[in-house]
Amino acid sequence: MKYVVFIPDGSSDYPVDELDGMTPLQYANTPNIDRLASKGCGGFTNNVPEGLTPGSDVANMSIFGYDPNDFYTGRGPLEAGSMGIETEPTDVIFRCNTITEKDGIMDDFNAGHITSEEAEVLMDALNEYFNEKYEGFKGKFYPGISYRHVFVYSCDNEEDAEFLSNLKTMPPHDIASQNLDENTSAKIDESWGKDLALEIKNIMIESQEVLKDHEINQKRISEGKKPANMVWLWGQGVTPKLPNFKETYGLDGAVITGVDLLKGIGVFAGLDVIEVPGATGYFDTDYAAKGKYAIDTLKDHDLLFIHVEAPDEAGHAGDIKEKVNAIEQIDKHIVGPVLDFLEDKEYKAAILPDHPTPLSVGTHTRDDVPIIMYSCNKEGDSVAGFNEVDVCEGSIEKQRGCNLVKRLINDDF
């Protein structure tokens, strides 16, 4: 039996006037996804437990079969895992965005999608600056992909690590065009209260001294691009411990994604992380390459999670055209070829977003998301399509998102 889970990140949405009152999933031309829907069952699910932030980290941990209430420790640790960063129990790992600050405002949470090559130079410059200025500096910056990086702060003891892990920090994509100081100072007044908290804030502020006049940014400005003139630290925690996926579910699993945090979940779960050339985590990702590698991976794995970030990025950008296009590219180059490959085999499949990223909101929401589930052993309910309206007619009973893998295995839908 083969299992495949398609994850079009953030694709769920609200009705859009420019799309004749339809959602992007309704509006997009998706014959292959509709083919899966017509054979499967439809309904809703929710991957974000109450009390947790509706981020891709929490939501995708659920999709991978792990209850975030039990295993989630922060976004930063997941990304560090994908990068092979070794940590100690007293290390607190932050997600580190390169951002564009303008007049004290979050002007761009991704610094104009700075290239990985440019960002690596900036991370090296930050390490050099802080190590030279502060003897025994306890932090280190690690370059990742585009604007997504990692900062590791080594605490003196586990008590400090626990405090720092529980610090309330703000996802930068949630505070677009907002005042930066208000999104740190208020948190210090309410819950930070220790020198450690002020040190993290000061590292962010002082990063501007290194970055604002750096030659990389001067060149970007001269080319009409946004500079990466500050870093933003958030999503922190200590390294998680996930039960091994194969020992838990009895399946050899793999994940395809262009995003470090999902790779990190895969690493900690013992899944094979398949590197796909051209998988960028943005609009320019190589959809066809992902489809080809998905087919190759399914030849020698029982289960594959295949994740595409582009719809989420379009939601954050408020870009209607790119969101519809991303959904259509997923349908054409990933879902279609994979379903054709599986056609003469015994297989089960699901397609669902991790969370909505509505164009009108520009960030993630807690709303339920549509889901299609298919099993070659089970008769479908003939839901017409994979979208927020059609699945209302489906037969799937809503359960916690972390039950997805178990439900697929047991035909429990």
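In Gln178, the CD atom is crowded: over 12 heavy atoms of neighbouring residues, nucleotides or ligands sit closer than 6.0 Å. Within 6.0 Å of OH in Tyr27 there are 12 or fewer heavy atoms belonging to other residues, nucleotides or ligands. The environment of Glu397 atom CD is sparse: at most 12 non-hydrogen atoms of other residues, nucleotides or ligands sit within 6.0 angstrom. Heavy-atom contacts from other residues, nucleotides or ligands closer than 6.0 Å to CG of Asn157 number more than 12. Within 6.0 Å of atom CD in Glu393, 12 or fewer heavy atoms from other residues, nucleotides or ligands are found, so the atom counts as exposed in its surroundings.
Side-chain contact check for Glu206 and Tyr129: at least one donor-acceptor pair (N or O, by modelled atom type) lies under 3.5 Å. In this structure, a donor-acceptor pair under 3.5 Å is present between the side chains of Asp331 and Asn32. A side-chain donor from one of Asp57 and Tyr72 sits under 3.5 Å from a side-chain acceptor of the other. Using modelled atom types and a 3.5 Å distance limit, the side chains of Glu309 and Thr285 yield no donor-acceptor pair. No hydrogens or angles considered: nothing links the side chains of Asp124 and Asn127 as a donor-acceptor pair under 3.5 Å. There is no side-chain donor-acceptor pair under 3.5 Å between Arg400 and Asn403. Between the side chains of Asp13 and Thr23, no donor-acceptor pair of N or O atoms lies under 3.5 Å. Side chains of Asp108 and Tyr147: no donor on one and acceptor on the other come within 3.5 Å. The closest side-chain donor-acceptor pair between Ser116 and Ser146, if any, does not fall under 3.5 angstrom.
In this structure, the side chain of Lys348 engages the main chain of Leu408 through a donor-acceptor pair within 3.5 Å. Proximity of a side-chain donor or acceptor of Glu118 to a complementary backbone N or O of Thr115 within less than 3.5 Å is detected. Side-chain atoms of Asn183 never come within 3.5 Å of backbone atoms of Leu180 as a donor-acceptor pair (strictly under, hydrogens ignored). Arg366 places no side-chain N or O within 3.5 Å of a backbone atom of Asn46 that could act as its donor or acceptor partner. Counting only distance, with no hydrogens or angles, the side chain of Ser82 and the backbone of Asp260 share a donor-acceptor pair below 3.5 Å. Judged by distance alone, with hydrogens and angles left aside, the side-chain atoms of Asn166 form a donor-acceptor pair with the main-chain N or O of Glu162 at under 3.5 Å. In terms of modelled atom types and a separation under 3.5 Å, the side chain of Arg220 and the main chain of Pro227 share no donor-acceptor contact. Although no hydrogens or angles enter the test, the distance criterion places a donor-acceptor pair under 3.5 Å between the side chain of His301 and the main chain of Thr297. A donor-acceptor pair is defined here as one N or O able to donate and one able to accept, closer than 3.5 Å; no such pair exists between the side chain of Tyr287 and the backbone of Val308. Of the possible donor and acceptor atoms, none in the side chain of Asp160 sits under 3.5 Å from a partner among the backbone N and O of Asp156.
Asn47 pairs with exactly one of Asn60, Leu352, Leu52 by the side-chain contact (heavy atoms from CB on, under 4.5 Å) rule, that one being Leu352. Considering Met123, Glu120, Met83, His149 as possible partners of Tyr142, the one that fulfils the side-chain contact (heavy atoms from CB on, under 4.5 Å) test is Met83. Partner of His364 under the side chain to side chain donor-acceptor pair (under 3.5 Å) criterion, out of Asp9, Asp174, Asp312: Asp312 alone.
The side-chain heavy atoms of Thr365 and Pro54, taken from C-beta on, include no pair separated by under 4.5 Å. Side-chain contact between Leu404 and Val5 is present, with at least one heavy-atom pair separated by less than 4.5 Å. The closest side-chain heavy-atom distance from Val16 to Met22 is not below 4.5 Å. With a 4.5 Å cut-off on side-chain heavy atoms, Asp272 and Val255 do not count as touching. By the 4.5 Å heavy-atom criterion applied to side chains, Ile371 and Ile351 are not counted as neighbours. You'll find the side chain of Ile93 stays beyond 4.5 Å of the side chain of Tyr153, heavy atoms only. Counting heavy atoms from C-beta on, the side chains of His214 and Val121 come closer than 4.5 Å. By the 4.5 Å heavy-atom criterion applied to side chains, Ile203 and Phe130 are counted as neighbours.
Aromatic pair His113/Tyr282: centroids less than 6.0 angstrom apart. The distance between the ring centers of His316 and Phe109 falls below 6.0 angstrom. Checked against the 6.0 Å centroid threshold, Phe64 and Phe305 count as a close aromatic pair. Remark: aromatic rings of His173 and Trp232 are distant, center separation not under 6.0 Å.
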task = Take Gln399 and Arg407 through the test side-chain contact (heavy atoms from CB on, under 4.5 Å) and record every step on the way to the result.
result = CA-CA 9 Å; Gln399 292 187 19; Arg407 295 179 78 183; 3.5 Å; yes

key: Working for side-chain contact (heavy atoms from CB on, under 4.5 Å), residues Phe141 and Cys96   = CA-CA 8 Å; Phe141 294 90; Cys96 172; 4.0 Å; yes

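The line from CD1 of Ile216 to CD of Glu117 is 10.0 Å long, rounded to the nearest 0.5 Å. To the nearest 0.5 angstrom, Ile33 atom CD1 is 7.5 Å from Leu25 atom CG. Atom OH of Tyr3 sits about 14.0 Å away from atom CG of Leu304, to the nearest 0.5 Å. Atoms OG and CZ, on Ser207 and Phe151 in that order, are 10.5 Å from each other to the nearest 0.5 Å. Note that the CD atom of Glu132 and the CD atom of Glu128 stand 4.5 Å from one another [nearest 0.5 Å]. In this structure, the separation between OG1 on Thr239 and CD on Glu86 is 10.5 Å, given to the nearest 0.5 Å.
With salt bridges taken as basic N to acidic carboxylate O contacts below 4.0 Å, none links Lys246 and Asp302. Salt bridge status for Lys212 with Glu101: absent, with no side-chain N to carboxylate O gap under 4.0 Å. A salt bridge between Lys323 and Asp319 is absent, with no side-chain N of the basic residue lying under 4.0 Å from a carboxylate O of the acidic one. Ionic pairing of Lys292 and Asp286 is not present here: no N-O contact between side-chain nitrogen and carboxylate oxygen is shorter than 4.0 angstrom. Glu223 and Lys219 are joined by a salt bridge, as a carboxylate oxygen and a charged side-chain nitrogen come within less than 4.0 angstrom of each other.
Both the sub-6.0 Å distance and the 45° axial angle are satisfied by Lys345 relative to the ring of Phe341. At least one cation-pi condition fails for Lys398 and Phe44: the charged atom is not both under 6.0 angstrom from the six-membered ring centre and inside a 45 degree cone around its axis.
Pro49 approaches Asp67 most closely through the heavy-atom pair CG-OD1, 4.3 Å.
Applying the salt bridge (Lys or Arg N to Asp or Glu O under 4.0 Å) test to pairs two or more places apart or on separate chains, none has a residue in residues 234-245.
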